[in-house]
Amino acid sequence: MPFAPSLRRATAAAAAAALAITLAACSAPAAETGSGSGDDSGLQTVTEGKLTIATGEPNYEPWFVDDDPSNGEGFEGAVANAVAEQLGYKADDIVWVRTTFDGAIAPGPKDWDINLQQFSITDDRKKAVDFSSPYYTTTQAVVAVGDSPAASATTIDELKANKVGVASGTTSYTVAKAELGEANLSVFNSVDDVVLALKGGQIDAMITDLPGAFYVVGAQLDDGVVTGQFAGADGGDDFGIVLPKGSALTPAVTDAVDALREDGTLDELQQKWLSDAVDVPVFK
C-alpha cells in the first residue's frame, strides 16, 4: 500500500535529520585523549573533578611532615598544594596515593596524575615519563657530627678552619673548591667514602647536596647535623613533577610551576621548609 502524503513528508524529514546528524558527527573534531575524564577545569585527570597526586612511602621531613602528604606541610607537600590551586583544585579535591620511586619513573600506564618524590630531571628519565619545569634546584650543604668544631660554623670563613671532605667529580667538589679553597679540602672517590671518613674522624665536615645531606643525617650518622647550605645553586640537580608520558596535563602543570616561580611562591616555600623549619641557614 503506498504511503499517504503526510507520512511520506514525515519519513523524508526524518531521513534528512538523520543525514544531518551523521554529517555533523563526521565533521566534528576528535575529542582530546588523556588519562581520564575532563572536569570543570577543562583538564583531563584520572578521576573527574579530582587531582590524584602520588608520592613515596614513607615520606620524610622536610619534604613532607608526619608522613601525611594531605596536611600540606613540608616543602613538597606545600608545592603540591600550590600547584593544585593553580590548576583550579582545592585541598579537598586532591586524592593522595603512594608509589615506589622506581615504579613512578618506569615506562607504562599510571593510576595518578602527578608525582612528587624529589625526582631529578634527566634526559634518560624523559624517555619514560614527562616532567614539569623545575620547582627546586638543589643547593650544596655541610654535614658535621655534633661534637665537631664545624658543627657550630655559621660563616664560610669559620668553615675554612675545618677539614672538609667531598667526593671528586661532583658539583659538591666544584662548590667546595670555589667557596673554601683547597687548603683544608680532602677529596674522596665517592660520597660513601666521605661519610666513612666523617664517621672515622678523618674530617670535620662534608659537603653534599641538601637532599643528600638530609639522608646522611637521617640514615647514616647517629649524631650528624646539617649545619648550613651555600647560597648558589649553579650545577645543582633540578627537581621536577613527574607525569605519565604524553600526559595532557603536562603543559598546564608546567605553567602552574612557572607561575609559582615567577610570583615568588617557590622561593618562599623553599625558605620556610628547607631553611627555617630545619634550621639550615645559608652560609655568609
Side-chain angles (χ1 to χ4, degrees), residues 60-63 74-76 118-122 134-240 261 264 266-284:
Y60 298 100
E61 297 185 22
W63 312 107
F75 179 64
E76 289 191 328
Q118 303 109 65
F119 294 108
S120 295
I121 301 172
T122 68
Y135 61 86
Y136 171 64
T137 302
T138 57
T139 60
Q140 299 299 314
V142 174
V143 175
V145 290
D147 59 354
S148 165
S152 59
T154 59
T155 68
I156 290 176
D157 285 341
E158 290 175 347
L159 192 59
K160 285 180 178 179
N162 295 274
K163 196 168 187 177
V164 178
V166 68
S168 64
T170 62
T171 302
S172 304
Y173 170 74
T174 302
V175 171
K177 182 179 177 181
E179 296 285 355
L180 305 178
E182 298 182 89
N184 292 322
L185 198 62
S186 297
V187 183
F188 298 84
N189 290 328
S190 69
V191 174
D192 287 340
D193 289 342
V194 182
V195 174
L196 289 174
L198 185 58
K199 285 181 175 180
Q202 296 173 253
I203 54 177
D204 301 312
M206 64 175 285
I207 295 178
T208 188
D209 61 79
L210 185 61
F214 289 132
Y215 176 76
V216 169
V217 168
Q220 296 182 289
L221 292 177
D222 292 332
D223 58 347
V225 58
V226 184
T227 64
Q229 57 187 309
F230 295 98
D234 291 344
D237 285 350
D238 289 328
F239 286 178
R261 185 186 309 105
L266 292 180
D267 285 340
E268 292 174 4
L269 295 179
Q270 182 176 331
Q271 178 66 37
K272 178 177 180 179
W273 294 109
L274 300 183
S275 181
D276 295 345
V278 288
D279 193 23
V280 183
V282 175
F283 285 115
K284 298 179 181 179

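Quantities reported herein were computed from a predicted structural model and do not represent experimental measurements.
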With sequence neighbours left out, what residues match Phe283 under side-chain contact (heavy atoms from CB on, under 4.5 Å)? Val142, Ile156, Leu159, Thr227, Phe230
Applying side-chain contact (heavy atoms from CB on, under 4.5 Å), can you list everything that pairs with Thr170, at least two apart in sequence or on another chain?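 Applying side-chain contact (heavy atoms from CB on, under 4.5 Å) to Thr170 gives Val166, Ala167, Ser172, Tyr173.
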Measure across [X] and [Y] and return the closest heavy-atom pair with its distance rounded to 0.1 Å.
| X | Y | value |
| --- | --- | --- |
| Gln118 | Trp63 | NE2-CG, 3.4 Å |
| Ala176 | Leu185 | CB-CD1, 3.8 Å |
| Gly235 | Thr171 | O-OG1, 3.1 Å |
| Leu198 | Val145 | CG-CG1, 4.2 Å |

Any donor-acceptor pair under 3.5 Å from Ser120 side chain to Asp237 backbone: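 Judged by distance alone, no pair lies under 3.5 Å.
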Spell out, as yes or no, whether a donor-acceptor pair under 3.5 Å connects the side chain of Arg261 to the backbone of Pro134. yes
Counting only heavy atoms not in Asp234 (residues, nucleotides, ligands), do more than 12 fall under 6.0 Å from its CG?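 Incorrect, the count does not exceed 12.
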Partners meeting ring-ring contact (aromatic ring centres under 6.0 Å, His included) with Phe188 (sequence neighbours left out): none
Applying ring-ring contact (aromatic ring centres under 6.0 Å, His included), can you list everything that pairs with Tyr136, at least two apart in sequence or on another chain?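 ring-ring contact (aromatic ring centres under 6.0 Å, His included) check on Tyr136 returns Phe75, Phe239.
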Verdict with supporting geometry, Ile207 and Leu180, side chain to side chain contact (heavy atoms under 4.5 Å, CB included): CA-CA 11 Å; Ile207 295 178; Leu180 305 178; 3.8 Å; yes
Short side-chain donor-acceptor distance under 3.5 Å, Gln229 and Gln140: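 No - no donor-acceptor pair under 3.5 Å links their side chains.
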[X] vs [Y] side-chain heavy atoms within contact, under 4.5 Å:
| X | Y | value |
| --- | --- | --- |
| Val217 | Val225 | no |
| Val278 | Phe214 | yes |
| Leu274 | Leu210 | yes |

Scan for side-chain hydrogen bond (donor to acceptor under 3.5 Å, both in side chains) pairs involving residues 142-166, sequence neighbours excluded, and state none if there are none.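 Pairs touching residues 142-166 that pass the test: Thr154-Glu158.
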Selection residues 180-209 - residue pairs positive for side-chain hydrogen bond (donor to acceptor under 3.5 Å, both in side chains), sequence neighbours left out: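 Applying side-chain hydrogen bond (donor to acceptor under 3.5 Å, both in side chains) to every pair that reaches into residues 180-209, excluding sequence neighbours, yields Ser190-Asp193.
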Rounded to the nearest 0.5 Å, what separates atom CD in Gln270 from atom CG in Asp276?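 Answer rounded to 0.5 Å: 11.0 Å.
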Got a second to check how far Leu196's CG is from Met206's CE, nearest 0.5 Å? 10.0 Å
